Amino acid sequence: MVYAVEMRGITKRFPAVLANDHIDIAIKAGTVHAIIGENGAGKSTLMNILYGLHKPDQGEILINGQKQVFGSATDAIACGIGMVHQHFMLVPRLTVADNVVLGKEPRKGLLYDRKGAIAKVAEVCSRHNIQVDPGKKVADISLGMQQRVEIVKTLYRGAEIIILDEPTAVLTPQEIDDLGEILRQLKEGGKTIIIITHKLEEVMDFSDDISVLRGGKHIATLRKEATDIPELTRLMVGRDVQLGGRKESAPGKEEALRLTDIGYVAEGRKVLKGISLVLHKGEVLGLAGIDGSGQSQLAEIVAGVLTPSAGSIKFQDRDITGKTVAQRKKGGIGFIAQDRQKHGLVMDFSIAENLVLGFQRRPEYCQYKIGVNSKAVISGAQKRIKEYDIRTPGESVRVSMLSGGNQQKVVVAREMGSRPQLIVADQPTRGVDVGAIEAIHNILIDHRNKGGSVLLVSLELDELMMLSDRIAVFFDGRLMGILDSASATREQIGMMMVGSSLPKQGEAAKGGKQAESRKEEPVS
Amino acid sequence: MNLNSFKLRLKDALVPLILIFIAFLFSAVWISFMGKSPLEAYSALFAGAFGSTSGIVNTIKKSVPIAFASFAVIVSTKANVFNIGAEGQLAMGAFGATMAGIFLKGLPAAIHIPAAILAAALGGMAFALIPALLRVKRGINLLVVLLLMNNIARFLLQFFVLDAFASDNALVPSTDRIMESARLPYLIGPPYRLTIAILIVLAVAIILELFFRRSTAGYEMRAVGLSPEAARYAGIDINRYMLLGLLLSGALAGVGGGLEILGNHHRLYIDFSPGYGYDGIPIALLSGGSPLISILGSLLFGALRTGSLTMQAKVGISDEIISVIQGSLILCIAANYFVKYLLNRRRADKKGKEAAK
């Protein structure tokens, strides 16, 4: 049998990392093949080699049985390989058609043939049944649409083998379904699709074959029918994964945080309306709700980065409503911000510098009152890197060089490292791999078991139900009710998330349908 | 430092050199359009700047206010503000130093000189205060404000020199001379007259490097400059640092102007600065935010300003060609990303980013 792609003995070494270690992989023509692995497993490197962006130190590549050597992506494209990167490479101010033909424009004499471009792009789209408006500006279309433009771009250049790097990372559940449909169509049209991902549900939805990488090595290639999510997880991580942590005691009764009648107004819209709730010591309080129901704003108000327009916040029996972020940090509130790259980290700082961000004024990091104690910063960083298993060649590496999961570990290590009493975690596992999710879950639950409090915002209902002692459900800025997570059902919560008050028993089934139609992503 | 990161450093250093080279090449085209030989012009330029002791001394002298202007731009950039108002602050610093030099009487030099430098810093800082407050209190974009402030400074300077503090016994319009006790002592005396100003430049550069690398406030300021949002979430008062950064920036530009008066002119002229404040901008951008490295850039610009006079005399090219070189340099910096991209593509394999993936 001739494979569309065969990679034999691929080895690639970077300074301090063996990214690919003698990887053998064969991909059948006309299939969807998933390459999975944790962040840092070597998936992206392997695909960058296939796309000609990296040269392998050893090994060979066969395309349709022919040996090929790629000096650059141009060679790979000429061989019928296309790649859609995780971060789209589109020019926002140009139209869809302009973007698709960029670099290979149809011409009329010396001039760019804009009409011809639109016609050609429309033709490619209709042939593959992909719906995109070629005349629209890229800046005006959704991320899901932009991804389609990227796919059309590869098709326009004659790709037969299309690589998608983490294609679902930026998509909404609906867009993910649409992408699945497009991939099916392409497969039926005879294309070979390779997707890189660490999200196992999508792997099971989309792919025919699955190859698992771990630590730069090829672990296994399986048919989808012959495996399941638990097995894939085990292969990816190398051991059994225990999500959700283990709660060792009942939640405490002592009050840690009390919110009274919190309101918040942004741009004339009431984002939060009269929220009152209590969080105890040794308790995880989950905040559930459809994205944008106000739960993230509530977390930011507790952390101090947003100022409420009404209400008061009491932490350990002291009113902290008017306190600054710095004062709250000092007082024992840690905050894992939702957007780690924008709010949690200074991307151009080193890991060590980021690990003291917000704590740079603590006596142990200072010297002669005004100086930074570099020795303490570095030794502290080395300790944290070990303790929190941050995968990096060293503490002086810029944090932008790390994978998402490791960046998040830096944030978590920093916020937990100051031994806060209350940790406010706004979607702490968003976009990180399963190994990091497990680590973060364990850290949060461990904090709870030691008597600390956790205010947890998550869009993943399963995660909330696993971690929380109680779940507060938000809808349109209002608190719909607080449920005991031991007795609450997905259906109940789902119903409240779309605006019903505590449902009666009989209505629970109907609510279940609604919750399901929203497609909550299980954490696996 | 291992070999690999050393190579990376080398590459970082290569980019500014390439940019400077391209700027010279581009200007050479214009020189040949004027019917002159670029080679002849540049060798006259070089000879003028470095070919004699007085040339070298002049190059160093001129680099002093330029270096301070580039410090000013660097400091402001670190605090996430872009200070293109250095020229105006420099003028106000010169005015402050002149006033302290003329009107503080009976002081020993050891007190008078620091006092006059302090007055220069205050002059520059005061002139940066208005834009700084507009930025922090009202969130106004500073680019236009700072640029217009430069014009205000020019007119204020005219008012001071031609009217309010005009000297009765000067051939060209200027103020009175400053006291002997306010003049900077010479490292090399007449006829060269190289003052201790260059030592002050070095000292300030070292202090600034230490401030950014070793102090907590410097760390916080860098955080504000690199990612104001992350800094705010970390509880750092970003407005305070923007204010502080711009005021410090103004003070540095002011000292640059002050040293020019205290060291070289000893009285204030309208045209004492041929645009030193603007020279600081490309240098700050070229030096990658390092005050020590910016001294090298300042020496280059000092050399251009010194050598251009010789070039004008020998080859007959207007010294305006210096503005052309500077202009092309700024264009090149804008295109810097492209050059970096070309260099990176050739070494894409060695980039650490993929290594971490």
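Please read these numbers as outputs of a predicted model, since none were measured by experiment. Residue numbers start from 1 in every chain, and the chains themselves are labelled A, B, ... in the order their sequence lines are given, proteins ahead of strands.
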Please determine, among A/Lys329, A/Arg398, A/Gln367, the option with the most heavy-atom pairs under 4.5 Å with chain B. A/Lys329

How many angstroms lie between NZ in A/Lys342 and OH in B/Tyr233, if you round to the nearest 0.5 Å? 7.5 Å

Closest heavy-atom pair, A/Ala326 versus B/Gly235, reported as atoms and distance to 0.1 Å, is CB-O, 3.7 Å

Contacts under 3.5 angstrom, residues 237-249 of chain B side chains, donor-acceptor by atom type, not counting sequence neighbours:
residue  : atom : partner  : partner atom : Å
B/Asp237 : OD1  : B/Asn239 : N            : 3.3
B/Asp237 : OD1  : B/Arg240 : N            : 3.3
B/Tyr241 : OH   : A/Arg361 : NH2          : 3.4
B/Tyr241 : OH   : B/Glu220 : OE1          : 2.4
B/Ser249 : OG   : B/Ala72  : O            : 2.7
B/Ser249 : OG   : B/Asn83  : ND2          : 2.6

Interface moiety of A/Val397 toward chain B, non-hydrogen atoms closer than 4.5 Å: neither

Give the interface residues of residues 204-215 of chain B toward chain A, defined by a heavy-atom separation under 4.5 Å. B/Arg214, B/Ser215

Is there a side-chain contact (heavy atoms from CB on, under 4.5 Å) between A/Gln360 and B/Ile236 once you walk through the steps? CA-CA 10 Å; A/Gln360 68 278 1; B/Ile236 296 170; 3.5 Å; yes

Quick check on A/Gln327 against chain B: is it the side chain, the backbone, both or neither that has a heavy atom closer than 4.5 Å? neither

Check the surroundings of atom CD1 in A/Ile370: do more than 12 heavy atoms from other residues, nucleotides or ligands lie under 6.0 Å from it? no

Measure A/Thr324 against the heavy atoms of chain B and call it side chain, backbone, both or neither at under 4.5 Å. neither

Which pairs count as ring pair (Phe, Tyr, Trp, His ring centres under 6.0 Å) when at least one residue sits in residues 355-376 of chain A, sequence neighbours excluded? none

B/Thr216 and A/Cys366: which non-hydrogen atoms are nearest, and at how many Å? OG1-SG, 3.9 Å

Which value, rounded to the nearest 0.5 Å, describes the distance between B/Leu226 atom CG and A/Met347 atom CE? 11.5 Å

Nearest heavy atoms of B/Ala230 and A/Val346, plus distance in Å: CB-CG2, 4.0 Å

Could you tabulate the donor-acceptor pairs under 3.5 Å formed by side-chain atoms of residues 328-335 of chain B, not counting sequence neighbours?
residue  : atom : partner  : partner atom : Å
B/Ser328 : OG   : B/Val324 : O            : 2.5
B/Ser328 : OG   : B/Ile325 : O            : 3.4

Go through it in stages, so that I can follow the logic: the residues are A/His343 and B/Arg232, the test is side-chain contact (heavy atoms from CB on, under 4.5 Å), and I'd like the CA-CA distance, side-chain angles, deciding distance and then a yes or no. CA-CA 8 Å; A/His343 296 144; B/Arg232 188 172 74 84; 5.6 Å; no

Going through the checks in order, is the side-chain contact (heavy atoms from CB on, under 4.5 Å) test met by A/Leu357 and B/Tyr219? CA-CA 9 Å; A/Leu357 187 64; B/Tyr219 168 91; 3.6 Å; yes

